[in-house]
Amino acid sequence: MPVISSSACAKLILLGEHAVVYGEPALAIPFSGLRVRCVVEPWINGPAGTMHIRARELQLNQPLQALPEDNFLRKAVELVLAELGVFQTPTCKLAIYSDIPISAGLGASAAIAVATMRALSAFLGHPLEKETLNRLAFETEKLMHGNPSGIDNTVIVYEQPILFRKGEPIEFVYPSINLHFLIADSGIKKATAESVAYLAQQRERDPQSVEAAIAEIGKISLLGKKAFEQGDLIALGEAMDADQALLAQLDLSCEALDELIIAARQAGALGAKLTGGGKGGNMLALVTPETQEAVRKALLSAGAVRVYQTDLKEVQDHD
Ligand code: MEV
């Protein structure tokens with residue numbers, strides 16, 4: 001059997017996180033420069049039917065079977081084997097190398113699951129189609145997040161900007177001009193499951209105002225989608241700011257994120273907001289080639305532990 005290497009990208013939610021869990025539309029883009037890579041190779045003379053997993057970022061160096069039954073990686077492997085009708089775990093080694101920080105709002109868990117399932121299915125001679133991969137990755141997300149919308153696995157599997165709405169066909173969206181973003185890490189780790197559960201509690205306590213904010217976020221996502229497609233940077237930035245105001249109102253931001261967001265805006269970002277689960281993790285700023293350096297410096301001065309950059313290229317012709 002050959003040595004197989006596969007990868008998957010990180011993701012950024014441009015607009016609509018959390019509201020998407022409640023059926024509202026959200027806009028997500030791939031972060032192709034930040035990736036997870038998986039390598040599967042035969043384990044010559046390894047114990048038959050044993051897969052050894054090594055993943056430094058997850059502090060794993062052990063046989064798959066030694067992981068708890070509800071571990072998302074174990075589930076990812078089992079789902080692939082079941083999908084392909086393989087009854088014995090192949091005798092192999094799986095190595096995972098991730099540049100995506102964990103619990104930081106960038107989709108690390110979904111990307112690890114997707115890259116693993118891509119590599120393993122190719123190793124077994126049957127690379128999974130995107131649709132199947134997406135369906136299986138969603139199952140692993142349920143273990144990680146409890147009540148995921150499915151947006152993370154979808155944007156990561158297709159690696160294209162999408163407008164996502166639960167239960168509806170995926171809508172691909174195309175920017176009509178180049179877009180430039182900076183992403184800054186607050187350094188605070190926060191599992192998405194926690195912030196999703198927090199909002200669910202808030203919603204039980206005060207359904208009226210939480211549901212109104214959620215519906216408003218949905219409208220902003222649609223306005224932002226239009227601006228994204230029309231290349232209207234001002235309107236897109238305004239949508240990001242308006243979204244952030246509602247996320248902060250829902251208590252999903254935090255002081256460190258707020259400081260980064262204010263610093264980015266003051267340095268010339270057209271819009272800035274948290275991205276992903278919030279209450280820590282990363283924020284996202286819409287910049288131009290002219291403002292990029294000033295915003296980067298301002299983010300670092302405001303305490304960002306890391307600043308990333310990603311660009312989306314204009315797409316003129318598409319189906
Ligand atoms: C996490 O990237 C986005 C959330 O909306 C959760 C989800 O949609 O599953 C917070």
Side-chain angles (χ1 to χ4, degrees), residues 5-17 20 25-38 96-102 104-119 127-138 140-141 144-145 148-165 169-185 192 221 224-225 227-229 231 236 239-240 243 271 273-277 281-287 306-316 318-319:
S5 173
S6 291
S7 74
C9 65
K11 61 85 202 182
L12 296 163
I13 310 267
L14 196 46
L15 292 166
E17 51 271 272
V20 69
L27 195 56
I29 60 174
F31 184 176
S32 296
L34 196 66
R35 306 190 75 83
V36 174
R37 195 165 65 87
C38 281
I96 299 172
Y97 309 92
S98 179
D99 290 333
I100 311 175
I102 309 282
L106 301 180
S109 60
I112 290 171
V114 169
T116 299
M117 294 198 281
R118 271 189 180 138
L128 294 172
E129 298 289 334
K130 286 183 177 160
E131 208 179 318
T132 310
L133 190 57
N134 197 25
R135 174 169 50 79
L136 301 187
F138 183 54
T140 66
E141 282 289 277
M144 287 304 286
H145 292 177
S149 63
I151 191 169
D152 288 11
N153 47 284
T154 305
V155 67
I156 287 169
V157 165
Y158 288 89
E159 205 164 337
Q160 282 193 63
I162 54 168
L163 183 85
F164 180 90
R165 192 177 240 166
I170 308 159
E171 191 181 336
F172 295 105
V173 290
Y174 304 93
S176 58
I177 57 169
N178 293 336
L179 294 172
H180 308 275
F181 298 96
L182 290 180
I183 300 103
D185 195 337
T192 299
S221 294
K225 178 218 174 206
F228 183 94
E229 290 176 325
L236 183 57
M240 291 170 71
D243 194 5
K273 62 179 281 289
L274 67 84
T275 185
N282 280 264
M283 57 76 71
L284 175 67
L286 176 64
V287 294
R306 218 173 289 114
V307 178
Y308 310 93
Q309 178 187 338
T310 191
D311 301 327
L312 284 179
K313 284 227 172 313
E314 63 172 310
V315 180
Q316 293 300 352
H318 55 84
D319 305 333

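Counting from 1, the numbers follow the sequence of the chain as shown. Atoms considered below: every heavy atom in the structure, side chains included; atoms not considered: hydrogens, waters and symmetry mates.
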Problem - Test item: F228 and L312 side chains (from C-beta on) under 4.5 Å apart, heavy atoms - result: yes

Practice task
Output the distance between atom CD (E17) and atom CD1 (I151), rounded to the nearest 0.5 Å.
Solution key: 8.0 Å

Practice task
Anything under 30° is parallel, anything over 60° is perpendicular, the rest tilted; go ahead and classify Y308 against F31.
Solution key: perpendicular

Problem - Step-by-step side chain to side chain contact (heavy atoms under 4.5 Å, CB included) determination, I183 to L106 - result: CA-CA 10 Å; I183 300 103; L106 301 180; 4.3 Å; yes

Handout entry: Shortest non-hydrogen contact from L133 toward M117
Key = CD1-CB, 3.6 Å

Problem - Rounded distance (nearest 0.5 Å) linking atom CZ of R35 with atom CD1 of I156 - result: 10.0 Å

Practice task
Find out whether R37 and S5 are in side-chain contact, i.e. whether some heavy atom of one side chain is under 4.5 Å from a heavy atom of the other.
Solution key: yes

Exercise for the section: Inspect the surroundings of CD in E129 and state if more than 12 heavy atoms from other residues, nucleotides or ligands are less than 6.0 Å away. Expected result: no

Handout entry: Qualifying residue for side-chain contact (heavy atoms from CB on, under 4.5 Å) with V36, from T116, V114, I100
Key = I100

Completion exercise
Heavy-atom nearest pair, G16 first then D243, reads N-OD2, 3.0 Å

Exercise for the section: Would you give the length of the straight line joining atom CD1 of I13 to atom NZ of K273, rounded to the nearest 0.5 angstrom? Expected result: 7.5 Å

Handout entry: Sequence-distant partners of N178, side-chain hydrogen bond (donor to acceptor under 3.5 Å, both in side chains), two or more places apart
Key = none

Problem - For the student: nearest non-hydrogen atoms of P30 and Q160, plus distance - result: CD-C, 3.5 Å

Practice task
Write down the atom of D311, the atom of H180, and the distance for their closest heavy-atom approach.
Solution key: OD1-ND1, 3.0 Å

Practice task
Using a 4.5 Å cut-off on heavy atoms from C-beta on, say whether the side chain of P101 contacts that of R306.
Solution key: yes

Handout entry: For the student: nearest non-hydrogen atoms of S176 and G231, plus distance
Key = OG-N, 3.1 Å

Fill in the blank from the handout: Contacts of T275 meeting side-chain hydrogen bond (donor to acceptor under 3.5 Å, both in side chains) (sequence neighbours excluded), chain-then-number -> none

Handout entry: L179 side chain near L236 side chain, heavy-atom distance below 4.5 Å
Key = yes

Handout entry: Distance, nearest 0.5 Å, that separates OG1 of T140 from CG of N153
Key = 7.0 Å

Handout entry: Side chains of Y158 and E131 in contact at under 4.5 Å (non-hydrogen atoms)
Key = yes

Problem - Separation of F138 CZ from D152 CG (nearest 0.5 Å) - result: 10.5 Å

Problem - Shortest non-hydrogen contact from A8 toward A111 - result: CB-O, 3.4 Å

Problem - K225 NZ to L14 CG distance, which is reported to the nearest 0.5 Å - result: 13.0 Å

Problem - Side-chain donor/acceptor of N282 to backbone N/O of D185, under 3.5 Å - result: yes

